[in-house]
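So you know, we letter chains A, B, ... as the sequences are listed, proteins then strands, and number each from 1. These figures come from a predicted structure and were not determined experimentally.
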2 protein chains.
Amino acid sequence: MPVSLKDVARKAGVSVATASRALADHPRISENTKARVRQAARELGYTPSAVARSLVKRETHTLGVITTSVTDPYAAQVVKAVEVAAEAAGYHLLLVASHGVPSREVKALRMLYERRVDGIVIISARGMDAYEDVLSHLTVPVVLVNGRVPHPAVRSVSANNRQGASLAVEYLLDAGYTRIAYIGGPTQGQSARHRVQGYVQALQAAGLVPSPDVIFPGQGTAEDGRRALRHMMSLRPKPEAVLCYNDLTAFGVLAEAWAMGVRVPDDLAVIGFDNLPFSELTAPPLTTVAQPTEEMGQTAVSLLLRQRRGEEVQDVVFDCTLVERASVRR
Amino acid sequence: MPVSLKDVARKAGVSVATASRALADHPRISENTKARVRQAARELGYTPSAVARSLVKRETHTLGVITTSVTDPYAAQVVKAVEVAAEAAGYHLLLVASHGVPSREVKALRMLYERRVDGIVIISARGMDAYEDVLSHLTVPVVLVNGRVPHPAVRSVSANNRQGASLAVEYLLDAGYTRIAYIGGPTQGQSARHRVQGYVQALQAAGLVPSPDVIFPGQGTAEDGRRALRHMMSLRPKPEAVLCYNDLTAFGVLAEAWAMGVRVPDDLAVIGFDNLPFSELTAPPLTTVAQPTEEMGQTAVSLLLRQRRGEEVQDVVFDCTLVERASVRR
DNA sequence: TTGAAAGCGTTACCAG
DNA sequence: CTGGTAACGCTTTCAA
């Protein structure tokens, strides 16, 4: 059994009240007793119980984070950013993996609420559509990173996925590519929807007609990239460039290209989305669209904390930037 | 403010005690009142407070996890395994990043203890040497994954790093390579120490003398791999193969090899350690030593839970296996 | 400057 | 089958 404040108080010969105040460095406690209490606490190896404290203070200094999986490198980046921002504000993270399953997202939400976390950030929410009844009773702020749910109490911070995808296509167009393929992501998420839209719009803005037979389905995995590349190579004429829903998919096309002897960017230019740490390590290094994950994580935490203080806050959207590397010829 | 059990009880016209039992599906409560209580709870959107419950039950159903960073893909794999095992046992994870800084590891340990987690797993502990006084007052089991600390109450589960490194070297030797370089990892951790040892021993067992000028220092980053490769290529004679402390380092040598026009495995064979998901996506795919991270995570959780039940448990070590891919010629 | 006591939201024991 | 009541470990009035 852990040592309690009562033990410390007894040992120091004071009441629990005084012991509590002494350890909290309350101004109206004599230095003398403070010293005695601290001494007793040290000798007993006393560590205060955050759970008891949470009960009375009605706050846990904990933020809940729901993510598909920590092994998803994009999610990991966001989690890290959130972690850093939270830590700086004196908060810690309760992490739950939903594995992208909507029902598990809802369960996680409920569990976090039971634990009375002070805020919840959901990364890449998949099936928040059926959240209505859970959300309606929540007394804790929720922020979505890269997702949106039509609930008035839920804020979101996201990358401008449409703009990002358009940016990539325009870059390709500028470089002289015109037959540009696209490999998609999970259609339940809004980021995937916006990215295709950006792709299509940029093409149309350039007076081109997006052709359905160079738009490949995918779930954002490397395997999707591999499969799409094999498909692509059997097409006549072949696409000259491909924009991928995310870097992971791009990694798959790069790997399959290597296996099939397809040269990048000479035979096919490849462009990703997310700028994962790994994308500068591929052969060739991957040109990709970057999201400001750092700021997004910080912002998520900041929105949560401000909402907690009763502030009204707005959704925020960050523009993407292009990271030029060697998988696209210039 | 969240609705409390008292609110539910009042609405259902029963005492809190009864309400509590009704919701817990206690056998000696009439179906009738159970129904009424449940109904009231639903209508009010009642969600029990885990913090209050934790206080009385003296357990939080939470495991603390200290890791360098979630963005470290090796750590992420272990975290995931731990998460899955924990979830299956009804536990959730409080995650803290230490960024490899010993003082932050200690702080994290203390914070987790304050929150009364039911167990703590530390992944790749760096500076546990000065843990003595923290550990001595802990009333919660601690398990180290891939680390060791000379404290009687701390258990560890690790990969057999020595055997893994030897395995890799023997594989290289078998394939006809003799001039084999090594790029090291953080020397504060025991895994790095064991891996060099395995490298050296395998060489010696084959009657070769490990040469200090092909043993490069590193911290386990891709940049270390790049730097070491450049060094290596300036040597005469050049190494024919290189064993890397981990996959990340191997990624660095692969990337730099691509940049310098060094062909893998023709000019240089490369072998990694960890078998990250990404290692099958490199060009060429990376031959590497795999640790059974899945089982290691499960085992860590299992040790924790068994210790909590008062069982005596032993350290456990898992053997590594070799994953043959294309970065080594056969 | 200190202490007694109430209360945070539950569970569990003891009566009835 | 149900209700009081005492914890759980801490903070915070309110008095002294």
Side-chain angles (χ1 to χ4, degrees), chain A residues 1-38 40-41 44-62 110-118 137 139-140, chain B residues 1-38 40-41 44-62 111 113-118 137 139-140:
Chain A
M1 292 301 99
V3 190
S4 79
L5 193 52
K6 202 197 293 188
D7 302 322
V8 175
R10 184 174 324 123
K11 172 143 188 164
V14 295
S15 71
V16 271
T18 313
S20 172
R21 287 188 278 239
L23 293 175
D25 204 21
H26 189 105
R28 298 188 310 207
I29 293 288
S30 81
E31 281 308 324
N32 185 338
T33 52
K34 274 187 191 173
R36 280 215 328 284
V37 172
R38 282 200 267 256
L44 293 173
Y46 170 70
T47 308
S49 163
V51 5
R53 179 177 297 155
S54 290
L55 185 58
V56 22
K57 301 266 229 151
R58 281 114 157 270
E59 61 181 6
T60 53
H61 274 256
T62 302
R110 188 166 280 128
M111 172 258 144
L112 290 172
Y113 182 49
E114 278 197 8
R115 295 185 181 224
R116 297 296 189 264
V117 295
D118 295 337
H137 287 300
T139 58
V140 55
Chain B
M1 290 303 97
V3 291
S4 78
L5 194 51
K6 202 196 288 187
D7 302 322
V8 176
R10 184 176 322 123
K11 172 142 188 166
V14 296
S15 70
V16 268
T18 312
S20 173
R21 288 186 281 237
L23 293 175
D25 204 20
H26 189 106
R28 298 187 312 206
I29 294 287
S30 82
E31 281 309 323
N32 185 338
T33 52
K34 274 186 193 174
R36 279 214 329 285
V37 172
R38 281 200 268 257
L44 293 172
Y46 169 71
T47 307
S49 162
V51 5
R53 180 179 295 155
S54 290
L55 184 59
V56 22
K57 300 265 230 154
R58 283 116 156 270
E59 60 180 8
T60 52
H61 273 258
T62 303
M111 171 258 144
Y113 182 47
E114 277 197 8
R115 296 186 179 223
R116 298 296 189 265
V117 295
D118 295 337
H137 286 300
T139 58
V140 55

What is the distance, rounded to the nearest whole Å, between atom NE2 of B:His26 and atom P of C:dC13? 10 Å
Contacts of type salt bridge (charged side-chain N to carboxylate O under 4.0 Å, His left out), residue A:Glu114, not counting sequence neighbours: none
Is a side-chain donor-acceptor pair under 3.5 Å present for B:Arg116 with B:Thr62? no
How long is the line joining CG of A:Asn32 and P of C:dT1, in whole Å? 11 Å
Distance in Å, B:Ser54 OG paired with A:Arg115 CZ, rounded so as to fall on 0.5 Å steps: 7.0 Å
Between B:Thr139 and B:Tyr113, is there a side-chain donor-acceptor contact under 3.5 Å, judged purely by atom types and distance? yes
To check you understand the geometry: which heavy-atom pair defines the closest contact between A:Arg36 and A:Val14, and what is its length? NH2-CG1, 3.6 Å
If the helix axis at each end comes from five base pairs, how far does the helix from C:dT1-D:dA16 to C:dG16-D:dC1 deviate from straight, to 10°? 50°
Length of the line joining B:Leu23:CG and C:dA12:P, which is rounded to integer Å: 14 Å
Per-nucleotide protein contact string for nucleotides 7-16 of chain D, where B marks a base within reach and S marks sugar-phosphate only (heavy atoms under 4.0 Å, - for neither): -BBBBBB---
State, with a plain yes or no, whether a side-chain heavy atom of B:Leu5 is found less than 4.5 Å away from one of B:Arg10. no
Select base, sugar-phosphate, or nothing to describe what A:Thr33 touches, counting heavy atoms under 4.0 Å on all strands. sugar-phosphate
Nearest-0.5 Å distance, CD1 of residue B:Ile29 to CG of residue B:Leu23: 10.0 Å
Atom-pair distance (CZ on A:Arg115; C1' on C:dT10), nearest Å: 15 Å
To the nearest angstrom, the OH-P distance between A:Tyr113 and C:dG9 comes to 11 Å
From A:Lys34 atom NZ to A:His26 atom NE2, the distance as rounded to the nearest 0.5 Å: 8.0 Å
